[in-house]
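Input: a single structure, listed below in structure tokens.
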Amino acid sequence: MLNPSDPAPDFTLPRDGADAVTLSALKGQKVVLFFYPRDDTPGCTKESIGFSQHLQGFADAGTTVFGISRDTLAKHAKFTTKHELTVPLLSDAESTVCEDYGVWVEKNMYGRKSMGIQRATFLIDADGKIARIWPKVKVPGHVEEVLEAAQAL
């Protein structure tokens, strides 16, 4: 389990419509990683739209934002086009980054157990350390809370 002040686990993941993203290459700027279960589901759509709508506010706060799920780049492209998203999405098809961040968990839905991504957000400071963690995110008001934290950092 990761805690604030821990070094953020480094990774390189493919990005929709651009080159792969390596976290350590972003040192010197703040980064928000929001992990979400699946493209085009109600909560994930609202969260992704929210981050897209506030992307300029994050940029003004010197913060880069990425959404991460296990969906393929092709699925991300359809999701982005359908909802006119501007937030960059990364594909963690093998779940390695999700595991490193502790968000790949056993879920229990209607008595059926399966593995999946627990919605969570990480704010990483310019030194590459975790500044804040929001586990088990509830979408309403979440993006604004993360933006306030990024502005205060």
Side-chain angles (χ1 to χ4, degrees), residues 1-71 73 76-77 79-93 95-107 116-153:
M1 189 66 176
L2 293 171
N3 295 299
S5 81
D6 286 348
D10 195 20
F11 62 81
T12 299
L13 286 177
R15 177 185 165 183
D16 59 324
D19 292 334
V21 171
T22 300
L23 183 62
S24 57
L26 300 172
K27 208 165 191 172
Q29 59 187 295
K30 297 175 279 188
V31 177
V32 167
L33 303 176
F34 70 97
F35 290 85
Y36 65 97
R38 280 200 344 252
D39 289 345
D40 224 7
T41 56
C44 299
T45 300
K46 286 178 187 156
E47 185 178 27
S48 298
I49 289 171
F51 275 109
S52 290
Q53 289 172 337
H54 289 84
L55 210 52
Q56 186 59 53
F58 282 101
D60 292 345
T63 307
T64 304
V65 180
F66 297 101
I68 301 175
S69 78
R70 293 189 68 226
D71 292 304
L73 292 179
H76 280 340
F79 182 47
T80 297
T81 301
K82 180 177 179 180
H83 298 286
E84 300 178 357
L85 302 176
T86 54
V87 66
L89 303 177
L90 308 180
S91 176
D92 184 23
S95 307
T96 53
V97 177
C98 292
E99 288 177 24
D100 289 347
Y101 280 81
V103 300
W104 184 246
V105 298
E106 184 176 75
K107 294 180 166 190
I117 296 175
Q118 173 182 287
R119 188 184 313 280
T121 301
F122 295 79
L123 174 59
I124 301 165
D125 68 20
D127 295 324
K129 293 189 189 285
I130 296 171
R132 183 130 179 233
I133 301 170
W134 289 266
K136 299 181 182 179
V137 166
K138 301 289 185 232
V139 175
H142 175 63
V143 173
E144 294 78 6
E145 186 179 339
V146 175
L147 178 55
E148 285 177 25
Q151 292 167 333
L153 189 60

*Would you call Pro4 and Lys129 a side-chain contact if the rule is heavy atoms closer than 4.5 Å?*
no

*So, Thr41 side chain and Asp39 main chain: donor-acceptor pair closer than 3.5 Å or not?*
no

*Any Lys/Arg nitrogen of Glu145 or Lys138 sitting under 4.0 Å from an Asp/Glu carboxylate oxygen of the other?*
no

*Side chains of Val32 and Thr64 in contact at under 4.5 Å (non-hydrogen atoms)*: no

*Where does the angle between the aromatic ring planes of Tyr101 and Phe122 fall among parallel (under 30°), tilted (30 to 60°) and perpendicular (over 60°)?*
perpendicular

*Begin with the C-alpha distance, continue with both residues' side-chain angles, and end with the deciding distance and a verdict on ring-ring contact (aromatic ring centres under 6.0 Å, His included) for His54 and Phe58.*
CA-CA 6 Å; His54 289 84; Phe58 282 101; 7.2 Å; no

*Are side-chain N/O atoms of His142 and Thr121 paired as donor and acceptor at under 3.5 Å?*
yes

*Considering residues, nucleotides and ligands other than Arg15, do more than 12 of their heavy atoms fall under 6.0 Å from its CZ?*
yes

*Any side-chain heavy atom of Asp16 within less than 4.5 Å of one from Pro88?*
yes

*Side-chain touch Phe35/Leu33, heavy atoms, less than 4.5 angstrom*: yes

*asked:* Is there a side-chain contact between Phe11 and Leu90 in this structure, where contact means two heavy atoms from C-beta onward sitting under 4.5 Å apart?
replied: yes

*asked:* Looking at every heavy atom in both Ile124 and Ala8, which two are closest together, and how far apart are they?
replied: CD1-CB, 3.6 Å

_Can you confirm whether more than 12 heavy atoms, excluding those of Asp19, are under 6.0 Å from its CG atom?_
no

*Check whether any side-chain heavy atom of Ile117 sits under 4.5 Å from a side-chain heavy atom of Arg38, and report yes or no.*
no

